[in-house]
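Contents: one structure, followed by commentary.
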Amino acid sequence: MRIYDIISRKRDGFELTDEEIHFFIDGYVKGEIQDYHASALLMAIYLKGMSDREMVTLTLEMAKSGDMLDLSAIDGVTADKHSTGGVGDKTTLIVTPIVASLGAKVAKMSGRGLGHTGGTVDKLESIEGFDVALSPERFIETVKKTGICVVGQTGNLAPADKKLYALRDATATVGCMPLIASSIMSKKLAAGSQCIVLDVKYGSGAFMKTTDDAEELSTKMVEIGKMAGRKMAAVISDMDTPLGKNIGNTLEIIEAVETLKGKGSEDLREVSLTLASELISLVKGIDYHEARQLCEKALDDGSAYEKFLEFISAQGGNTEQIIDTDNLPKAKIIHNVIAKENGYISKTDAEKIGSASVVLGAGRVNKEDSIDYTAGIILHKKTGDRIKAGDVIAEFHTNDEKLIAPAEKVFFDALTVSESKPVESELIYKVIR
Ligand code: URA
């Protein structure tokens with residue numbers, strides 16, 4: 001078999017065989033197939049697409065290219081939740097203790113923030129002592145004991161995806177539905193859980209800008225997961241506007257704890273409860289409404305909050321910072337952002353708000369950059385709210401005075417103010433099961 005022939009077959013619109021896809025992934029990971037061949041094949045896939053069978057085979061080959069986590073030592077049903085990424089998205093911190101308090105076993109690998117989006121691992125690391133780098137043995141032991149463990153992704157999880165994603169980034173082949181679906185699902189399948197709920201975001205702060213694209217991606221990923229024997233659901237949720245009101249690592253821990261104590265923003269509570277209920281429905285084999293009642297009870301009676309404390313403690317985190325979030329470190333400077341005009345906020349562009357938060361120090365531009373855990377933004381007003389000139393519409397938290405002016409520029413660029421109240425977008429657009 002020759003990679004040259006595989007490229008030309010895909011270029012001419014033929015379906016690749018399972019053997020050809022195996023040959024490509026195996027050879028590319030081993031370094032026997034060069035980047036220029038892989039780039040040409042990716043572009044051919046981008047232009048000609050893939051059948052469902054090709055996409056499933058590609059996903060499984062990428063999943064098998066490195067470590068496949070073995071969760072069989074864990075008694076009970078394993079559950080995972082994945083978001084395609086957003087701004088202010090701290091739902092993992094709320095969903096995982098809800099479902100673990102109801103008996104699901106959450107063995108989760110999470111990522112760090114990059115660009116305008118945040119990452120769960122950074123948020124958890126903003127808690128003093130919290131360890132995201134447990135050994136595989138401690139990872140499994142912690143899930144067995146507390147029902148949750150969240151660690152950073154190991155270096156050898158789906159290495160084919162790691163290599164191919166970097167190449168796609170450099171060759172204008174990222175925005176291709178079968179390649180995105182196989183990239184995300186290869187990591188989820190390698191991470192081993194039996195039940196997987198995907199939170200597929202749409203809108204300005206998301207990878208998928210339209211509901212149609214989000215639906216197509218969701219359908220493909222659910223299909224792949226089911227064909228690989230997993231129980232799947234995908235929730236398509238709005239990321240045109242940041243989720244909740246706090247953006248930034250420590251600030252998001254504070255808002256997650258508020259939500260677990262019954263005081264969080266309504267949109268954050270709703271998305272978290274929807275995701276948790278879909279997961280519990282899969283884990284327990286019950287319908288959504290029954291699962292929803294269980295999840296609401298777990299959130300409202302404090303059992304999810306108690307589970308969260310147990311989870312933080314099991315991974316070495318200082319629970320005094322959770323019991324009273326005033327014990328978390330704070331930024332030295334809190335700057336009030338003042339409205340310049342009267343009207344309704346008709347748009348809060350999530351990507352730009354995320355970028356303003358990165359300017360304040362909360363995120364990374366390059367992978368190796370360090371971040372300021374205490375930096376970020378608290379939104380006092382969001383899309384749909386009426387504002388008057390002089391109102392405090394947001395707080396900037398930062399440790400560097402010089403960052404305020406550039407962050408304000410990006411922030412105001414994100415806002416559109418209009419005379420009439422905008423039509424509300426749908427927080428949960430659809431669920432694909
Ligand atoms: N996230 C991924 O992990 N892969 C993609 O291709 C796009 C988003």
Side-chain angles (χ1 to χ4, degrees), residues 21 24-25 28-29 38-39 41-43 45-47 49-50 54-67 69 80-87 89 91-92 108-122 152-193 196-210 213-225 228 230 232 234-237 239 350-351 354 363-364 367:
I21 294 171
F24 165 53
I25 294 297
Y28 187 53
V29 171
S39 307
L41 183 56
L42 288 172
M43 187 55 84
I45 292 171
Y46 185 95
L47 296 171
M50 280 190 135
E54 286 176 296
M55 183 178 65
V56 171
T57 304
L58 178 65
T59 310
L60 295 177
E61 288 296 334
M62 292 206 293
K64 284 189 304 195
S65 67
D67 298 338
L69 252 68
D80 197 355
K81 170 252 161 207
H82 177 82
S83 159
T84 56
V87 178
D89 181 5
T91 54
T92 293
K108 184 156 174 53
M109 290 198 170
S110 281
R112 293 186 184 279
L114 187 64
H116 69 280
T117 64
T120 304
V121 161
D122 292 327
Q153 199 167 299
T154 67
N156 204 32
L157 196 86
D161 175 61
K162 206 171 189 178
K163 264 187 102 171
L164 283 174
Y165 192 83
L167 197 60
R168 285 165 58 209
D169 213 14
T171 56
T173 50
V174 169
C176 168
M177 215 59 88
L179 293 178
I180 298 172
S182 54
S183 163
I184 295 174
M185 286 307 294
S186 64
K187 288 171 283 203
K188 289 289 104 186
L189 296 184
S193 285
I196 302 168
V197 168
L198 305 166
D199 182 9
V200 180
K201 304 289 192 190
Y202 76 90
S204 64
F207 206 66
M208 298 290 128
K209 300 297 176 201
T210 66
D213 283 351
E215 188 166 349
E216 189 183 339
L217 178 64
S218 303
T219 307
K220 286 196 186 312
M221 294 196 292
V222 166
E223 223 164 83
I224 295 171
R230 311 299 167 93
M232 298 291 306
V235 174
I236 302 172
S237 72
M239 189 38 73
E351 181 167 354
R364 298 182 183 81
K367 265 196 176 119

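Predicted model, so just to flag it, every value in this text is computed and none were measured. In listed order, ligands and their atoms are each counted from 1.
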Query - Side chain proximity check, I45 to T173, heavy atoms < 4.5 angstrom - result: no
Query raised in the report: Is there a side-chain contact between M232 and M185, using heavy atoms and a 4.5 Å cut-off?
Result: yes
Report task. Applying side chain to side chain contact (heavy atoms under 4.5 Å, CB included) between L179 and each of L164, L42, V174, I184, report the one that passes. Result -> L42
Query - Residue pair S83 / D89, side-chain donor-acceptor N/O under 3.5 Å - result: yes
Query raised in the report: Any luck finding a side-chain donor-acceptor pair between K81 and T91 under 3.5 Å?
Result: yes
Query - Pocket residues of ligand 1, ordered first by chain and then by residue number (heavy-atom cut-off under 4.0 Å) - result: Y165, R168, I180, S183, I184, K187, F207
Query raised in the report: Which atom pair, heavy atoms only, marks the closest approach of E223 to M55?
Result: OE1-CE, 4.5 Å
